[in-house]
There are 2 protein chains.
Amino acid sequence: MDQVDHILAQWRRERPDLDVGPMGTFGRLKRLGDHLAQALAEVYKAHGLTAASFNVLATLRRAGPPHALSPSALIAWTMVTSGTMTNRLDRLEAAGLIERRVNPEDGRGSLVALTAEGFALIERVVTEHVANQHRLVEGLPPEQRERIDEGLRAWLALYESAP
Amino acid sequence: MDQVDHILAQWRRERPDLDVGPMGTFGRLKRLGDHLAQALAEVYKAHGLTAASFNVLATLRRAGPPHALSPSALIAWTMVTSGTMTNRLDRLEAAGLIERRVNPEDGRGSLVALTAEGFALIERVVTEHVANQHRLVEGLPPEQRERIDEGLRAWLALYESAP
DNA sequence: TCCATTTATCTCGACATCAAGATAAATGGG
DNA sequence: CCCATTTATCTTGATGTCGAGATAAATGGA
């Protein structure tokens, strides 16, 4: 009996005409996501980052040398709008963690690259981040996590096709 | 092979020292949550609402008559800060969907109640919202959704205890 | 080659959110 | 009954996000 069960019970009492089974799944996904995001943010914050800035730096880092991507590529990986990405890049640039270079292959765009400082920072933070994630699934039996992962993969496949 | 698999493959190439298994689960949860939130927002928007305003109205509706709760109770249900709730209530009040009454039992606080207009609106929107949720799990075998739900319940239980 | 169209990025204005602090009322131990 | 403490809500300032539109460069068919 978690919070979501309480919510569903309320709906069943007030609106017995509605089949709220799926709503329970949506609610658990949302609430769990919120709790986990808060927990992950603690590590980011300890290094002066937010989820937004962490994700940009991490995307550049895992792309491999030379750790440079176009804003378009960053937008595709992170699922945000172009205006949002411009704002993120402005702040990261002001903080000296990335730099914008001209894109030799496309004069319309730029290339966003990790600075040495940005690289060193994300290198440290991602290590802690992964440890934090391990800690957050500690209470969950590994086989249980596997089943959740498989289920989410199937559901996510409805929205992200796979070549 | 979804987007998350690509991300994990990049990390394994760049940082083979990290065990990124759990990261995959976090990534799928986050990305799926983002996709679903976008899809749910379409119904809200069609009625001039956002996820934020919908959730406040829905919380008041499902509480049952007289459809009035304190801001504190709304904060507890919706997992936002007091400043955020004040802002949401200001807008909903300006839109005529809720009203703030004095709380006869506590002079510090108020009671937030659905107006007739707010009640009529949420009554319509929640019906469409539930139908939308059914549509969004259509492609998922019901027993698969059940398993996801059970897994999420177990994980969520680590963060929301149950008396 | 030219130009209409497409694409990449940035700008701007409106909200949403949080964290920290302010304000006012309730509470309870002495 | 008093006052220090706690609690409920609001205020303020900084940031993050989106959506629509602006700008500039690349593209491709005539």
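Computed from a predicted model, the values in this text were never measured in an experiment. All heavy atoms count here, side chains included; hydrogens, waters and symmetry mates do not. Lettering follows sequence order; numbering is per chain, from 1.
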Rounding to an integer number of Å, can you tell me how far A:Arg88 CZ sits from D:dT17 C1'? 9 Å
So, does B:Arg91 get its side chain near the phosphate of C:dA16, meaning an N or O under 4.0 Å from OP1 or OP2? yes
Backbone N/O of A:Arg145 and side chain of A:Asp149: donor-acceptor pair under 3.5 Å: no
Close side-chain approach of B:Leu74 to B:Arg88, heavy-atom, < 4.5 Å: no
Taking only N and O in the side chain of A:Arg100, is any of them less than 4.0 Å away from OP1 or OP2 of C:dC10? yes
Using a heavy-atom distance cut-off of less than 4.0 Å, which residues of residues 50-71 of chain B contact DNA chain C? B:Thr50, B:Ala52
Nucleotide N/O to protein N/O under 3.5 Å, stretch nucleotides 18-20 of chain C:
from: C:dC18; atom 1: OP2; to: B:Thr81; atom 2: N; distance (Å): 3.2
from: C:dC18; atom 1: OP2; to: B:Thr81; atom 2: OG1; distance (Å): 3.3
from: C:dC18; atom 1: OP2; to: B:Thr84; atom 2: OG1; distance (Å): 2.6

Quick check: does any side chain N or O of A:Arg28 sit under 3.5 Å from a backbone N or O of B:Gly151, one acting as donor and the other as acceptor? no
Using atom CG of B:Asn103 as one end and atom C1' of C:dA24 as the other, report the distance to the nearest whole Å. 14 Å
Take atom CG of A:Asp90 and atom P of C:dC10, then tell me their distance rounded to the nearest Å. 7 Å
Return the orientation label for the A:His35 and B:Tyr159 ring planes: parallel under 30°, perpendicular over 60°, tilted otherwise. parallel
Between A:Arg100 and A:Ser110: side-chain donor-acceptor atoms closer than 3.5 Å: no
A:Phe26 and A:Trp155 aromatic ring geometry - parallel, tilted or perpendicular at 30°/60° bounds: perpendicular
Without decimals, in angstroms, what is the distance between A:Met85 CE and C:dT11 P? 15 Å
Counting N and O atoms only, with roles assigned by atom type, does the side chain of B:Asn87 sit under 3.5 Å from a partner on the main chain of B:Thr84, one being a donor and the other an acceptor? no
Name the residue from B:Glu128, B:Arg135, B:His134 that meets the side-chain contact (heavy atoms from CB on, under 4.5 Å) definition with B:Asn132. B:Arg135
Given side chains that start at C-beta, do those of B:Leu29 and A:Leu29 come closer than 4.5 Å, heavy atoms only? yes
Atom CG of A:Leu74 to atom C1' of C:dA8: distance rounded to whole Å? 13 Å
Which whole-number value in Å describes the distance from A:Leu89 CG to D:dT15 C1'? 15 Å
Roughly, in whole Å, what's the span from OH in B:Tyr44 to C1' in C:dA16? 15 Å
Consider side chain to side chain donor-acceptor pair (under 3.5 Å). Of A:Gln38, A:Arg31, A:Lys30, which one does A:Asp34 pass it with? A:Lys30
Measure all distances between protein nitrogen or oxygen atoms and nitrogen or oxygen atoms of nucleotides 3-7 of chain C, and list the pairs falling under 3.5 Å.
from: C:dT7; atom 1: O4'; to: A:Arg108; atom 2: NH1; distance (Å): 3.4
from: C:dT7; atom 1: O2; to: A:Arg108; atom 2: NH1; distance (Å): 2.9

Just the rounded figure in Å: distance from C1' of D:dT17 to CG of B:Asn87. 14 Å
Ring-plane angle category for A:Trp77 and B:His6, please: parallel below 30°, perpendicular beyond 60°, tilted otherwise. perpendicular
